[in-house]
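A single structure is presented below for examination.
Chain letters run A, B, ... following the sequence lines, proteins first and then strands; every chain starts at 1. Since this is a predicted model, take the numbers as computed values, not measurements.
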2 protein chains.
Amino acid sequence: MPADRGRPEDLKEACVTEALAIIAATGLETLSLREVARRLSVSHQAPYRHFPSRDHILSAVVARAFDHFSAYLDSRQQVPDNPAQDLRGMGLAYLSYADEHPLQYRLMFATPLPNPADHPGMMQSARHAFTLLEQGVARMRATQGQPCTEELVTLDALFIWAALHGLAGIRGGCAITTLRLSSDILGQAPAHLLGRIGQAMGNPCGAKADG
Amino acid sequence: MPADRGRPEDLKEACVTEALAIIAATGLETLSLREVARRLSVSHQAPYRHFPSRDHILSAVVARAFDHFSAYLDSRQQVPDNPAQDLRGMGLAYLSYADEHPLQYRLMFATPLPNPADHPGMMQSARHAFTLLEQGVARMRATQGQPCTEELVTLDALFIWAALHGLAGIRGGCAITTLRLSSDILGQAPAHLLGRIGQAMGNPCGAKADG
DNA sequence: GGGCCGCAGTAGACACCGTCAACTACACCG
DNA sequence: CGGTGTAGTTGACGGTGTCTACTGCGGCCC
């Protein structure tokens, strides 16, 4: 049964899918409930029956992006016997995701939601990804034999997340145009950044990354 | 002559000021050309005489934020005889700015402008800040006596910028609500991050930062 | 000085948007 | 059979960006 054109069976589901398609095609700003309804061959108020407001449909799209992101990080092949390498792989996966799915990435981290507290599913997905990172740091610290507070793990995870998040944002957003960086530099940036993070964490594995 | 209420002398200038005030008061989404005009006691088309579109007035506001940011970084007290310390001071200044002027910071780095290439002044201000950082890195490398390509300086500057930018974004945006981080951790984060950056750059000055 | 032109600002209209309220169609249940 | 709740429709309202046509008004050239 083709649910694409002609009134879809599950309208709520179809709205989210169609909204994402619109955003992908013409940008976040031009997303409108009415356009979604139009594409679904449905009255302009039908989506309103399933979502209290435009923000709620948008947050549903964002939540989906977070799930996609979490699944991506989870499905990455792990290296349990080498936590340092594993952490590096996770960082690489983070940057790869931002590179391969810039739309989803921007939806997650650059979408202005009025009050994120309204949408618990979204927050949970985000928190999940951060917890993965914390666990990676903790495992690495354990093999390094360093004494390590929970607080210190969180701070290090935050440092790593910040660096990854920052680079992803720069690469995806304003790098070439605003900062006028060559795509050559931008291509080297992930490896270099991960190398520097490795050094910062006292990990020799990353030290040789930039020659 | 009070140019605030009653038709302002320089309408173009007044539009930018008033737009910023509106954004500060009620958020970016609710900014409208008509509201700007209303507050300026002017017809809804008057601002349109000075700005081709709503995006252009917004980009003027963003450009102003970039100038503010650049001035802030420039006015920071420098430590010419200790480049490492100087670099750290610059990082601190960066994070301080994001902390003290979250609105301007978000305007600069989290505002969706359709095509930034249209607004050269904006780009120039951003590039200026990045160049400051590159020079800081280059000076530090020089005192370290390390051989250093121009490319490597840029990559390191990019690493530092990414970490700072990432942390600022996390702190200003989604930290407590989405990532559920305590404000205690968040308060420690800048010093810790700068310390880790110091370590990554092979600089002992930052190594003791997190105890 | 008088006509002319360009510029700043005004007024009205258009299409679009989110949202509210009232309505219809229909399945289900007593 | 009537009642009830749910999904969807229709129409309206106020707000928005933008287009077009209009009014003043100061400077400029003849």
Between protein and nucleotides 13-16 of chain D, what N or O pairs are separated by less than 3.5 Å?
residue, atom, partner, partner atom, Å
D:dT16, OP1, B:Ser32, OG, 3.3
D:dT16, OP2, B:Arg38, NH2, 2.6

Check whether the side chains of A:Tyr72 and A:Glu100 place a donor and an acceptor atom closer than 3.5 Å, and report yes or no.
yes
Out of curiosity, B:Arg171 CZ to B:Leu181 CG, how far, rounded to the nearest 0.5 Å?
11.0 Å
Test: B:Glu134 and B:Arg127 ion pair at under 4.0 Å
yes
Protein-nucleotides 22-26 of chain C N/O pairs closer than 3.5 Å?
none

Aromatic contact between B:Tyr97 and B:His101, with the criterion being ring centroids under 6.0 Å apart: yes or no?
yes
Would you call B:Glu13 and B:Arg64 a salt bridge, using N to O less than 4.0 angstrom?
yes
Between the OH atom in B:Tyr94 and the CG atom in B:Leu133, the distance rounded to the nearest 0.5 Å is 9.0 Å
Starting from P on C:dA21, measure out to OH on A:Tyr48 and report it in whole angstrom.
10 Å
Whole Å only: how far is the CG atom of B:Leu58 from the P atom of D:dT18?
11 Å
Whole-Å distance between C:dA8 C1' and B:Glu13 CD?
17 Å
Going by the side-chain contact (heavy atoms from CB on, under 4.5 Å) test, name the single residue among B:Gln77, B:Met140, B:Arg76 that passes it with B:Asp86.
B:Arg76
Per the atom types in the model, does the base of D:dG8 pair as donor or acceptor with the side chain of A:His50 at under 3.5 Å?
no
Separation of atom CG in A:Asp10 from atom C1' in D:dA7, rounded to whole Å:
12 Å
Separation of C:dG9 atom P from B:Phe51 atom CZ, nearest Å, is 11 Å
Rounded to the nearest angstrom, tell me the gap between atom NZ in B:Lys12 and atom P in C:dA8.
10 Å
CA sep, side-chain torsions, deciding dist, call: B:His56, B:Ser53, side-chain hydrogen bond (donor to acceptor under 3.5 Å, both in side chains)
CA-CA 5 Å; B:His56 283 76; B:Ser53 85; 3.2 Å; yes
For the residue pair B:Phe66 and B:Phe109, is the inter-centroid distance of their aromatic rings smaller than 6.0 Å?
yes
Starting at atom CD of B:Glu29, determine the distance to atom P of C:dT19, rounded to an integer number of angstrom.
13 Å
Rounded to the Å, how far apart are B:His44 NE2 and C:dT10 C1'?
8 Å
